[in-house]
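Each remark here refers to the structure printed beneath this line.
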Amino acid sequence: MLSVIQTTIEGMLKEAGVVGSFELSTPPKSAMGDLAFPCFAIAKEQAKNPAEVAKMLAAQLQNSTSALVEKVQAFGPYVNFFLNGAEVAKLVIQAIADQGAQYGGSQMGKGKKIMVEFAHPNTHKAFHIGHLRNIITGESMVRIFENAGFVVTRVNYQGDVGMHIAKCLWGITQLFSEYKTVQSEDLAERVAFLGRAYATGGQAYEANETAQKEIGAINEQIYRGDDSIKELYTTTRQWSLEYFDHIYKRVDSRFDRLYFESEVFERGRVIVREFLAKGVFKESEGAVIFPGSEYELHDRVFLNKLGLPTYEAKELALAEKQFSEFAPDAIYHVVAKEQSEYFKVSFKALEFTLPESKGREHHLVYGWVRLKEGKMSSRTGQVILGEWLLDETEQKIAEIMAENGVSGRSETIQRVALAAVKYAMLHTSVANDIAFDVKAAANLTGDSGPYLLYMCTRIKSILAKAQVNTDNVGVPVELAPAEKALALALGNFPEVAAFAAESTNPSLIAHYLLELAHRFSEFYEACPVLSVEPELQSFRVALVRAVLQVAEKGLYLLGIKTVEEM
């Protein structure tokens, strides 16, 4: 709806002779109007004082006010526009009613296909809170892209070959009696055992030269598909995959295609050998590298001295598969920031081995998640597990709900806890690091997911008590300031959602929802809904219903489901 308002104001400015771009901003105080147009560029062009230009332009625009724009006034170097609250409310309420669940969507991506590659847990290793942030970010971006009209394919690339597997399998050989016992235990126990085995192997690899050689030999056996290791590898790999499926369901995510390193490593080796002969790659000290230094990047190994493909080589084959199977216009790899240089080199190499990928491969960088202990390390076993964080948050939510006298059902507690974790992961820009605080995330009154859910439950309670017909809503001639502010906030949603897709930034949705909650809270305090005359009640109920619809849509884009009570 902001676009309708902006188009109206742009038309007024064009009639007044203004040319060029029309960037509008929000004044710092509501008493200064609703939208502001800066006059610096015009003043520079005319060699005049910006404040004087604003004053003259405002006087000229006074004659072109409309039903939507009721007043124009200069404030320093800005021309500020005062909107008619009733007209804004009519536009917004009607648009939300007409478009329903489609309100806030766009056709930005019409006819375009996007692949989002996210989650990326490696088998035989722990699913830690970094993976949790990854899957939460990827899931939200999928929904945001879909809301913008893109056709989205969800994929997950998982490491099921490599040294981390070898370390775990070596660790199992050292804990073999425990391995035999744990096979009859439940999935959680089996996965916990894999974590201990991996930590055992990881520590030994760093400290013991003999163990290092033995682990290297196991790694070669894995790549060869050696029968001596096959049963142990296959069994424990399946444990990991079953556990990952459990987590995906718990966080309400899914995938259209699971890719594995085991299905691309051999093709990756072939591609590197093929393009080594063509001069794209070079031999260096027994390994094969891509000479990134020739392109203002850095050199990286694609085949090691044993001839085994590195992650980089596998990336070449993965891209080939992805473009062959889905022909995406763009691929977004949701991967932590420490892999930025890796992707720069890999994408450059892909320009030679797969020219169609040029300009279509993107690294969606996300920051680390930290607790007080600092950065995690699965090598030493000091990792913060993703499920531990979910369990801790659920426990905190259960305590809060009990204190509030609500006997929360397990499903409600799980939803509220997941909302707490997802919002805490998404309310800051994707690339920023996070120091996760369970207490702050679970807060019902602050900048949190539960606070947004509580707003929705309050609205549902109001709507359940309302006894008015909202089919043909009459809008009051003059709106209270809180009503107008709420209507304007609702009107901003489509533009915010579109920009979140354009900038690959879910935090814009989170910030918008928090602002909407604040506007609703101010409205709720200043404007009674159920205790006013029927005509006014009908309007306010319609406005409140619109808030719920937009809030639920925004929460959906963050991957959050609402609840009925809290």
Pair Y311 and Y342, ring centroids less than 6.0 Å apart
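Ring centroids of Y311 and Y342 are no less than 6.0 Å from each other.
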Taking the ring of F118 and the ring of F255, is the distance between their centroids below 6.0 Å?
yes
Sidechain-backbone polar pair: [X] side chain, [Y] backbone, donor-acceptor under 3.5 Å:
X: Q158; Y: T123; result: no
X: N156; Y: H120; result: yes
X: R133; Y: G367; result: yes
X: R250; Y: Q414; result: no
X: S448; Y: A420; result: no
X: S507; Y: A510; result: no

Tell me if the [atom1] atom of [X] is crowded by more than 12 foreign heavy atoms within 6.0 Å.
X: Y454; atom1: OH; value: no
X: E535; atom1: CD; value: no
X: Q102; atom1: CD; value: no
X: K112; atom1: NZ; value: no
X: K561; atom1: NZ; value: no

Hydrogens and angles aside, do [X] and [Y] bring a side-chain donor and acceptor to less than 3.5 Å of each other?
X: Q339; Y: H333; value: no
X: S346; Y: E315; value: no
X: S262; Y: D160; value: yes
X: Q6; Y: E495; value: no
X: T562; Y: K460; value: yes

So is [X] actually on top of [Y]'s ring, under 6.0 Å and inside 45° of the axis?
X: K553; Y: Y556; answer: no
X: R360; Y: F323; answer: no
X: R257; Y: F326; answer: no

The salt bridge (Lys or Arg N to Asp or Glu O under 4.0 Å) partners of D329 (sequence neighbours excluded) come to none
By salt bridge (Lys or Arg N to Asp or Glu O under 4.0 Å), which residues pair with R415, not counting sequence neighbours?
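Once residues adjacent in sequence are excluded, the partners of R415 under the salt bridge (Lys or Arg N to Asp or Glu O under 4.0 Å) criterion are E411.
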Give me each pair satisfying side chain to side chain donor-acceptor pair (under 3.5 Å) with a member in residues 418-428, each pair once, sequence neighbours excluded.
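As it turns out, the side chain to side chain donor-acceptor pair (under 3.5 Å) pairs with a partner in residues 418-428, which skip direct neighbours, are Y423-D447, T428-N432.
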4.5 Å side-chain heavy-atom contact, H362 and F343:
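Answer no - side chains too far apart.
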Specify whether F145 and F150 have parallel, tilted or perpendicular ring planes, treating 30° as the upper limit for parallel and 60° as the lower limit for perpendicular.
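Aromatic pair F145/F150 classed perpendicular.
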Anything under 30° is parallel, anything over 60° is perpendicular, the rest tilted; go ahead and classify H518 against Y451.
tilted
The reported gap from NE2 in H131 to CG in L385 (rounded to nearest 0.5 angstrom) is 11.0 Å
